[in-house]
Amino acid sequence: EILEAFKVFDEDGNGFISLDEMTKYLTSVFAVISQTSPEVFAQHNVTPEELAVATAKRCFQDADLNHDGKLDFDEFKAWYTSPEQATFNKMVDDANSAPQLPSIDVLRQATGLGNLDPNDVFAMFRRNAPNGMISRQIFARCCGAFMPSAPEVGAEGYRQNQQIVSQLFDMFDADGNGVVDFAEL
């Protein structure tokens, strides 16, 4: 398990984890956590990127025992298995098991948005939410105007596309208040 975790951090596979590799990985983990638990970042007034940089720097202060600017497996293992890391490791494991959005190509195909001018999309949202507050229902209706229809993709494909739209809404609803404002888009 520890070796697998090490390999995830060691993006280039050279047997060492650089500060950049750790920061990049933690940024993606914290971005997922911010989607599922935005209150974690709100209460500390920090972005996922800021937390990733601070966490990676702290890790290297604690774990880079020979101060060579990279972590070998033994240094990583000592850090990763330390009692202080138990909460952090659980948070990372939870984030890694959280549902992920599909690739951008799948999103474009599922929503139909890849073929549209962004100004047209914003105009549709503006017309349907003149107060600037887009509910889940309005978001789904607007996306539905662009999405392929059930006859085009089949019932299962249409259901999956609707699920993707729901995930997109959750992603855009950065403050978790149940509506998306134009600033969040």
Side-chain angles (χ1 to χ4, degrees), residues 1-111 113-114 118 121-122 139 163-185:
E1 176 185 321
I2 298 167
L3 180 58
E4 290 307 310
F6 181 83
K7 289 178 181 178
V8 169
F9 282 90
D10 182 18
E11 184 180 22
D12 64 10
N14 70 351
F16 297 97
I17 300 170
S18 69
L19 182 61
D20 286 343
E21 286 174 320
M22 180 161 284
T23 302
K24 182 178 178 184
Y25 177 74
L26 291 176
T27 299
S28 67
V29 168
F30 293 154
V32 170
I33 293 170
S34 75
Q35 296 303 313
T36 58
S37 303
E39 68 280 358
V40 170
F41 295 90
Q43 75 188 62
H44 296 291
N45 197 28
V46 65
T47 67
E49 295 80 13
E50 292 167 337
L51 184 58
V53 168
T55 303
K57 284 181 181 178
R58 178 59 191 252
C59 168
F60 269 71
Q61 288 172 352
D62 295 344
D64 186 14
L65 301 177
N66 62 4
H67 306 290
D68 64 353
K70 56 190 174 187
L71 301 182
D72 63 26
F73 178 72
D74 291 333
E75 290 171 321
F76 177 80
K77 181 179 177 182
W79 171 77
Y80 192 80
T81 59
S82 68
E84 302 84 38
Q85 290 309 116
T87 302
F88 173 79
N89 295 341
K90 180 178 179 347
M91 186 172 62
V92 169
D93 290 343
D94 290 349
N96 285 334
S97 63
Q100 301 290 312
L101 279 175
S103 71
I104 192 68
D105 291 333
V106 170
L107 288 173
R108 285 181 177 144
Q109 182 180 2
T111 61
L113 295 174
V121 175
F122 282 109
F139 188 84
Q163 186 176 11
I164 289 170
V165 168
S166 180
Q167 288 177 298
L168 280 173
F169 180 87
D170 292 339
M171 184 182 77
F172 284 122
D173 184 16
D175 59 10
N177 68 349
V179 294
V180 174
D181 60 46
F182 290 124
E184 290 173 306
L185 282 178

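Numbers here simply count residues along the sequence, with the first being 1.
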Looking only at heavy atoms, which two atoms of [X] and [Y] are closest? And how far apart?
X     : Y     : value
Leu26 : Ala56 : CD1-N, 3.8 Å
Ala63 : Trp79 : CB-CB, 3.5 Å
Phe60 : Leu19 : CZ-N, 3.4 Å

Requested in this report: State the CG-CZ distance between Asp68 and Phe16, to the nearest 0.5 angstrom.
Outcome: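 Answer rounded to 0.5 Å: 7.0 Å.
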Query raised in the report: How far does OG of Ser18 sit from CZ of Phe9, to the nearest 0.5 angstrom?
Result: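 Going from OG on Ser18 over to CZ on Phe9, the span is 11.5 Å.
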Requested in this report: Look at atom CG of Asn45 and say whether more than 12 heavy atoms of other residues, nucleotides or ligands are closer to it than 6.0 Å.
Outcome: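 No - once you tally the heavy atoms of other residues, nucleotides and ligands closer than 6.0 Å, there are 12 at most.
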Minimum side-chain heavy-atom gap [X]-[Y] below 4.5 Å:
X      : Y      : value
Met22  : Leu71  : yes
Phe73  : Ile17  : no
Val180 : Phe169 : yes
Phe139 : Val179 : no
Lys77  : Phe6   : no

Query raised in the report: Less than 4.0 Å between a side-chain N and a carboxylate O, is that true for Asp62 and Arg58?
Result: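 The answer is yes: the pair qualifies as a salt bridge.
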Query raised in the report: Taking the side chain from Glu21 and the backbone from Asp12, do they hold a donor-acceptor pair closer than 3.5 Å?
Result: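 Yes; at least one donor-acceptor contact below 3.5 Å.
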Query raised in the report: Relative to the ring of Tyr80, is the ring of Phe76 parallel (under 30°), tilted (30 to 60°) or perpendicular (over 60°)?
Result: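 Phe76 vs Tyr80 ring planes: parallel.
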Report task. Report the C-alpha separation of Glu75 and Asp64 in whole Å, then their side-chain angles, then the decisive distance to 0.1 Å, and conclude whether the side-chain contact (heavy atoms from CB on, under 4.5 Å) test is met. Result -> CA-CA 6 Å; Glu75 290 171 321; Asp64 186 14; 3.5 Å; yes
Requested in this report: Given side-chain contact (heavy atoms from CB on, under 4.5 Å), test Val53 with Lys57 step by step and report yes or no.
Outcome: CA-CA 6 Å; Val53 168; Lys57 284 181 181 178; 3.7 Å; yes
